[in-house]
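Beneath this line is the structure, given in C-alpha cells, with notes to follow.
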Amino acid sequence: MASSTPTPERADPPLARRCGRGYDRAPMRQHVVDIVRRALARGAAEGRWPALATPFTVDPPRDPRHGDFAVNAAMVLAKPAGRPPRELAQGIIEAIQAEDGGRSIASLEIAGPGFVNLKLRPEVWLAALPEVVRQGAAFGRSEVGKGKRVNVEFVSANPTGPMHVGHGRGAVTGDVVASLLDWSGHAVTREYYVNDHGAQVQTLARSVHLRYQELLGRTVTMPPKSYPGDYVIEIARSILVELGPRFLDAPEAEWLDLFRERAVAHVLAMIRSDLAAIRISFDVWTSERKLYDSGTVQRFLAELEAKDLVYWGKLPPPKSKKGQPVPAAGAPNEEGIGEAEDLLLFRSSLHGDEVDRPVKKSDGTPTYFCADIAYHWDKRQRADQLVDVLGADHGGYVARLEAALEALGASRHDLHVVLIQMVNLTRGGEAVKMSKRSGNVVSLQEVVDEVGCDATRFIFLTRRADAQLDFDIELAKRQTLDNPVFYVQYGHARLARILEKAAEADAPEARFDAETLAVLTAPEEMDLVKRILSFPDLVAGAALAWEPHRVAFWLQETIGAFHSYYTQGKRTGERFIGADPVKTAARLALARSLKQVLANGLAILGVSAPERMESRDLAEDV
RNA sequence: GCGCCCUUAGCUCAGUUGGAUAGAGCGUCGGACUACGAAUCCGAAGGCCAGAGGUUCAAAUCCUCUAGGGCGCGCCA
C-alpha cells in the first residue's frame, strides 16, 4: 500500500492547506512546497517581506523548458510588500537556496513577470523511481480522502427496460468516479436507486398484461405510453407458462402487483447483465418501494413537519412556454388535476430553489421528490459526501436536492452532482436512428457486443461528462491510431513485449540503483520519469474534481511520449536493448515503471492492460 | 419567458480549479522500417479561445451583457 511513500512532514495543517493546492501530496511537489514554505517563513521572520496572506502555488509549467516547477510566491507577495515581484523573487531564491543547501535543487531562476522557476536535480527524480515498481498495483493511491465516506449513486435507470447507450455513459462515468475516490483513500459505496414505485412500473405491468392477452390469442394495440419491447413479451410468456391463463379477464387489482413484481425482477436481471458486460457491479441496491414499505418515507415526512419545513398551499401558476397560452386558473392539467387544490409543499425556496416543491399530491400521496429527498437524507446519514451521476435532463433537479440537504441541516456541498450529457451514436459518421416510439433505442448490450467492453468504457471517458459525446461504432472497432483505446493498449503491450524480449535475449535485468539510473540523461527519458511520478498527483486531482476523463487523456499523452521516445531511438540506432549493459538495465527499469503506471491508470478506468495485442485481422474488413 | 450547461485550429476535443509564446488527435501536405510490434514516429500548414465590457501583477479560465446550440421548466418518475 501507499503507506510507505516517503510522506513529507506536514508541520502545520492549516498553513499547509493554504500553501499549494491542499489536495496535492505528490511526494516531489510536496517536497518543493515544503522548502518554499520554510524559506518564505524565514524571510518573513527576518522582516524581508510580509507573512503570506494568500496562498502561493507550485505547479509544473506548461513548457518544460521553464523547469520542473514554477513558484508564484513573489507575484503574490508583490502587493503586500509594495515591491516589484522580480526584486522579491531574487530574495526568495536566496532564501530557498539557503533552505535547501544544494541538496535537491539544481537551479532557480526568475522568469516572466516574477515566477521562480525551479529545477530539481535529476537524481532526486530518479531516486523516486524504484517506488513505482515497489508499490506496484498500488502506485498512485493516496490518502487525500482518508476517513471520508463517499456514496456514489449512478445509473439508477428505471427498471422498465434494458440499458441504452446513454445509461452506459453514466454507468462508466460513475464507476470510474467511484474508482478514483477509492484510489484517493475514500471509503466508497457504489449505489443504485431502483425506481420501482411509481407510475412507470405500473405502466410496465400493464404492458406485460397486454402482451399476455396477445399470447392468449387476443388482438391488442399497445397504447402510446406503453412499453412494447420484446422483453415485455418474454415476461408475459414466463408468467403464462408458470401461472397459466387465469389473469386474462381478471380485474387489474388481481394481477397488477404480481405482474409488476415479476416485470421489475426480470428487467433488473437484464440491467445487472448489461452492467456485468461493462464490468460494473454495485455495493447497494436501494428500492424506492422499500422506502415506503419500511416506513422510511413516512417517518421522514413526519420529521419535515416537526421541523416546520412543509406547509399546505398552492403552487404558483407555471411559467408559460413561448407561444403557448397560460392555462386558465383552475383548469385541469394533463393529469386532470386542477390547480385550486392544496398540496403539501416543502420550503425549498428558502434554500436556493426557485419555488417550493410538492412532497404530497392533492390526493395526499407522496410525490417522487418526497421519496427522493428521504433517500438522500438517508444516504447522508451513511456517508459524509454524496455524489449523484445524473443525465443532463435532470439538471433542473439539482437545486431542490441541494436545498433539501441544506434545509435538513447538512451542507449543500455534501452533494455533488455529475451531469452526463447525451451520447450521439453514429456508425461511420452516419447518425444511428434512435426511435423511442418503436422501442428501437440502441441497447448498450448491442454496442458492447459489437465493439467490446474496453473500447466502450474508454470512449465514454474521452470527453468531459458535461459535453456531448459522439460515439462512432466503426471508429471504436477500428484498430488504428484514431481509436484511443487501441493506442493506449498497444503502448502497454509494446512495453510488455520489450521486457519479454529482453528476458529472451539474455539482456541485463532492469536495475533501479542510483548509479544505473543516472545514465537516463536524455530529455525524453527524464520527461518520462517525471510523467510517471506525476501519476499520484493526477489521480488525486481527478478524484477531487470528479473528472475521470483526465485519466484517459493522461494515458494518451504519456503513452504518446513513450512511442515518440521509442521510435526516436530506433532512428538514431540507440536501441532500447542495446550494447551498453548499464543503459539497457536503466531503460528496462524505466520500461517496467512505465508499464506499471499505465496498467494502474487502465485499472482505474476498468480497461484491460493486455500483454500483447491480438494479431490484426484485416481480412475481416469487407 | 425563466433557469442550468455548452461555444477553443477545417473536424473531434484537451487546457493541471487565474499563470509565461493556447495544445493533442483526425484530416491535408512532406518525410522515417534489413530491426525489441511502422498497430509507431518526425516535420509543415492551420487560432480575433463566439462577441463586447469588467475584476488584477496576470483571464480561454472569474463577473456582467449580447449572439448562437443543447437540456429542463405545474401534484411524471
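We name chains A, B, ... by the order of the sequence lines, and we start the count at 1 in each one. These numbers come from a predicted model, not from an experiment.
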Point to revise | Neighbour count >12 (heavy atoms, 6.0 Å) for atom CZ, A:Arg592 | key: no
Review point. Base, sugar-phosphate, or nothing: which does A:Asn117 touch, judged by heavy atoms less than 4.0 Å apart?
Key: base
Revision key, fill the gap. Residues at least two apart in sequence or cross-chain that pass salt bridge (charged side-chain N to carboxylate O under 4.0 Å, His left out) with A:Arg412, listed by chain then number, are A:Glu402, A:Glu406
Check your understanding: side chain to side chain donor-acceptor pair (under 3.5 Å) with A:Ser287: which residues, sequence neighbours excluded?
Key -> A:Asp196
Review point. Side-chain contact, heavy-atom cut-off 4.5 Å: A:Asp537 with A:Arg29?
Key: yes
Revision key, fill the gap. Per nearest nucleotide of RNA chain B, the residue lying toward the 5' end, A:Glu611 or A:Ala199, is A:Glu611
Practice item. Would you please say whether a donor-acceptor pair under 3.5 Å links the side chains of A:Asp454 and A:Gln489? Key: yes
Review point. What distance, rounded to whole Å, do you find between the two P atoms, one in B:U55 and one in B:U64?
Key: 15 Å
Using a cutoff of under 3.5 Å, can you pull out all pairs of nitrogen or oxygen atoms linking the protein to nucleotides 55-60 of chain B, with atom names and distances?
residue: B:C57; atom: OP1; partner: A:Lys79; partner atom: NZ; Å: 3.4
residue: B:C57; atom: OP2; partner: A:Lys79; partner atom: NZ; Å: 3.4

Review point. With ring centroids as reference points, do A:Tyr311 and A:Phe346 lie under 6.0 angstrom apart?
Key: no
Exercise for review: Please tell me if the side chains of A:Leu344 and A:Pro358 come closer than 4.5 Å, counting only heavy atoms from C-beta onward.
Suggested key: no
Review point. So what does A:Ala78 hit on the nucleic acid, given a heavy-atom distance under 4.0 Å: a base, only sugar-phosphate, or nothing?
Key: nothing
Review point. If the C1' atom of B:A60 is compared with that of B:A9, how far apart are they to the nearest Å?
Key: 14 Å
Exercise for review: Give me the residues of residues 553-560 of chain A where at least one heavy atom lies under 4.0 Å from an atom of RNA chain B, by number, or none.
Suggested key: A:Phe553
Could you list all N or O pairs between the protein and nucleotides 29-36 of chain B that sit under 3.5 Å apart?
residue: B:C36; atom: N3; partner: A:Phe576; partner atom: N; Å: 3.2
residue: B:C36; atom: N3; partner: A:Ile577; partner atom: N; Å: 3.1
residue: B:C36; atom: N4; partner: A:Phe576; partner atom: N; Å: 2.1

Study note, to complete from the structure: Hits for side chain to side chain donor-acceptor pair (under 3.5 Å) against A:Glu474, two or more places apart or cross-chain, chain-then-number order -> A:Arg427
Check your understanding: Taking the C1' atom of each, how far is B:G69 from B:A32, in whole Å?
Key -> 43 Å
Protein and nucleotides 6-12 of chain B: nitrogen or oxygen contacts under 3.5 angstrom:
residue: B:U12; atom: O2'; partner: A:Arg463; partner atom: NH1; Å: 2.8

Point to revise | Pairwise P distance for B:C13 and B:U8, with rounding to whole Å | key: 9 Å
Review point. Can you give the dot-bracket line for RNA chain B, where a pair is Watson-Crick or G-U wobble with both atom distances under 3.5 Å, crossing pairs use [ ], and | marks a partner on another strand?
Key: (((((((..((((.....[...)))).(((((.......))))).....(((((..]....))))))))))))....
Check your understanding: Under 4.0 angstrom, heavy atoms only, what part of the nucleic acid is A:Ala70 near: base, sugar-phosphate, or nothing?
Key -> base
Name the atoms and distances for all side-chain donor-acceptor pairs under 3.5 Å in residues 498-508 of chain A, with sequence neighbours left out.
residue: A:Glu500; atom: OE2; partner: A:Arg497; partner atom: NH1; Å: 2.6
residue: A:Glu500; atom: OE2; partner: A:Arg612; partner atom: NH2; Å: 2.9

Exercise for review: Name the nucleic acid region contacted by A:Ser564, choosing base, sugar-phosphate or nothing; use a 4.0 angstrom heavy-atom cut-off, strictly under.
Suggested key: sugar-phosphate
Review point. Can you tell me how far C1' in B:G25 sits from the matching atom in B:C41, rounded to whole Å?
Key: 14 Å
Exercise for review: Sequence neighbours left out, what passes salt bridge (charged side-chain N to carboxylate O under 4.0 Å, His left out) with A:Asp353? Give chain and number order.
Suggested key: A:Arg357
**Study point:** Span that lies between the P atom of B:C73 and that of B:U16, in whole angstrom
**Key:** 33 Å
Practice item. Could you measure between the two P atoms, the one in B:A22 and the one in B:C49, and give it in whole Å? Key: 10 Å
Review point. Are A:Thr365 and A:Asp363 close enough that a side-chain donor and a side-chain acceptor fall under 3.5 Å?
Key: yes
Study note, to complete from the structure: Note: for A:Arg400 and A:His549 on RNA chain B, the residue whose nearest nucleotide lies more 5' is A:His549
Check your understanding: Which part of the nucleic acid, if any, lies within contact of A:Glu288, taking any heavy atom under 4.0 Å across all strands shown: a base, the sugar-phosphate backbone alone, or nothing?
Key -> sugar-phosphate
Point to revise | Pairwise P distance for B:G53 and B:A45, with rounding to whole Å | key: 31 Å
Practice item. Mind checking A:His197 for me? I need base, sugar-phosphate or nothing, with any heavy atom below 4.0 Å counting as a touch. Key: nothing
Practice item. Would you please name every residue forming a salt bridge (charged side-chain N to carboxylate O under 4.0 Å, His left out) with A:Arg289, sequence neighbours left out? Key: none
Review point. Out of B:U40, B:A20, B:C75, which has the shortest distance to the side chain of A:Leu343?
Key: B:C75
Exercise for review: Return the set of residues passing side-chain contact (heavy atoms from CB on, under 4.5 Å) with A:Tyr565 (not counting sequence neighbours), or none when no residue passes.
Suggested key: A:Glu524, A:Glu525, A:Leu528, A:Phe562, A:Phe576, A:Arg587, A:Leu590
Practice item. Anything under 30° is parallel, anything over 60° is perpendicular, the rest tilted; go ahead and classify A:Tyr397 against A:Tyr368. Key: tilted
